[in-house]
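This is a predicted model, so every value here is computed, not measured. Below, read A as the first sequence line, B as the second, and so on, with proteins coming before strands; counting in each chain starts at 1.
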2 protein chains.
Amino acid sequence: MRLALLSLLKQKPLETITIAELCREATINRGTFYLHYKEVHEVFKEYLEVIVEDLKQSYEEPYYKTNYHIQNLEADMIKIFHHVKEYKDFYQIIFDERIPMMYYYLLFDTIRSFMKESIEGHFELDQSIQLDYLISYQTNAILGILIEWHRHGYATSIQELNQHLITILSINSPFEKY
Amino acid sequence: MRLALLSLLKQKPLETITIAELCREATINRGTFYLHYKEVHEVFKEYLEVIVEDLKQSYEEPYYKTNYHIQNLEADMIKIFHHVKEYKDFYQIIFDERIPMMYYYLLFDTIRSFMKESIEGHFELDQSIQLDYLISYQTNAILGILIEWHRHGYATSIQELNQHLITILSINSPFEKY
DNA sequence: ATTTTTATTGTACACGTGTTCAATATATAT
DNA sequence: ATATATATTGAACACGTGTACAATAAAAAT
């Protein structure tokens, strides 16, 4: 099933792949599909789990390397842009205009939970609601860079992006305060 | 047409409204629909233009009030959260998991163009590509607050949100540098 | 008023959707 | 090996999609 989807994704965008088509490709009965999934997106979501797993590792790497002192971040510690470039084909799908928000939220929640851990574990929290907003602010800001990268057709080099992120974070760090 | 859509939106979510249904509601032929639109989203998008227009005014208000010196921002100058709450029903649709990214990007681009104007017009730019990333970072950060608000069911008060935004921006201002 | 242009309608078609149900196949247990 | 449970299949159904085309209606031009 997942193999059939990958095969079709090489030919046409996700949003144009129908359930009937997918079943023909996988030579299974359409009724059988409905016993396992409700829509094509659920198959894609399964595949995405692998990628999100890799994202987690890429994202937390600088936290390990700086021992959760993100102020000491160096450009070559950032691995998240490597990760996105490696799975570029998938991020192109996720950031596509026609694709439902669910995938974006999947990314958001993944990065957000890291952000939360790294802040809550190493800084004392004053008001937790306020923190929720701060974390979402910071999380989505990072995703803003990915959106911009996407719009530049992933042409900007990873080194440059790392440098931008460092610059932005240094101008603009909520961590100093805590 | 737009009226028919609004009427149906009171009964069921946007993603479940079919073209056939919309045409029945508006008592026009389905073929006629295809002469003007390609999908239900295009009708909704038309309606959104009104809201985006209001968003623009809400967003730029603090810039006028502080005469583009955003450092002097005061809580009661922020009107964007008033705006979102006023059109809460629509933002609930836009931030829905099943809805395509296109609406999110519409918001993103609207806010982004303001961010760009306000920065480019009042600060000297060094590298324009770097600036692109900074602007998208900042823009999406704001949208991160709206996502968080959405997830709290728009329960957080506007006053509190204004205060959060000020706090975040004061910790975290890219404008000081310029 | 009558022609010309443009918009809308009804009908049809091949395909997809989501569901149901009996029939068949496959796996698991005894 | 045989019975029992579980999975898959094929066929059918009412509905939606996108497209095509001739027929009719409405608007604009002469």
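A/H82 and A/E86 share no donor-acceptor pair across their side chains, judged by distance under 3.5 Å alone.
Side-chain atoms of B/R30 and base atoms of D/dG18 include a donor and an acceptor less than 3.5 Å apart.
Residue B/R24 places its side chain closer to D/dG16 than to any other of C/dG16, D/dG16, C/dT9. The side chain of A/Y34 sits closest to C/dT19 out of D/dG16, C/dT19, D/dT17.
One interatomic measurement links the two molecules: CD1 of B/I17 to C1' of D/dG16, which rounds to 15 Å at whole-angstrom precision. Atom NZ in B/K38 sits about 15 Å away from atom P in D/dT17, given to the nearest Å. In this structure, CZ of A/F33 is placed 11 Å from C1' of C/dT17, rounded to the nearest angstrom. The CD1-P distance, from A/I19 to D/dT17, rounds to 15 Å in whole Å. We find that CD of A/E21 is positioned 14 Å from C1' of C/dT17, with the value rounded to whole Å. Computed from coordinates, the A/Y37 OH to C/dG18 P distance equals 16 Å when rounded to whole Å. Between the CG atom of A/L22 and the C1' atom of C/dG18 there is a distance of 16 Å, rounded to whole Å.
B/T18 comes within 4.0 angstrom of sugar-phosphate atoms only, judged by non-hydrogen atoms across all strands, and of no base. A/L35 comes within 4.0 angstrom of a base, heavy atoms only.
Side-chain nitrogen and oxygen atoms of B/H36 include none within less than 4.0 Å of the OP1 or OP2 phosphate oxygen of C/dA7. When the side-chain nitrogen and oxygen atoms of A/N29 are compared with OP1 and OP2 of D/dT8, none of them lie within a distance under 4.0 Å.
With hydrophobic clusters built from ILVMFWY side chains whose heavy atoms lie under 4.5 angstrom apart, A/L14 shares a cluster with A/L6.
Applying the ring-ring contact (aromatic ring centres under 6.0 Å, His included) test between A/Y104 and each of B/F95, B/Y104, B/Y103 identifies B/Y104 as the sole match.
Here A/R112 pairs with A/D132 in a salt bridge; the nearest charged N to carboxylate O distance falls below 4.0 Å.
Note: A/W149 and A/F81 have perpendicular aromatic rings, judged against thresholds of 30 and 60 degrees for the angle between ring planes.
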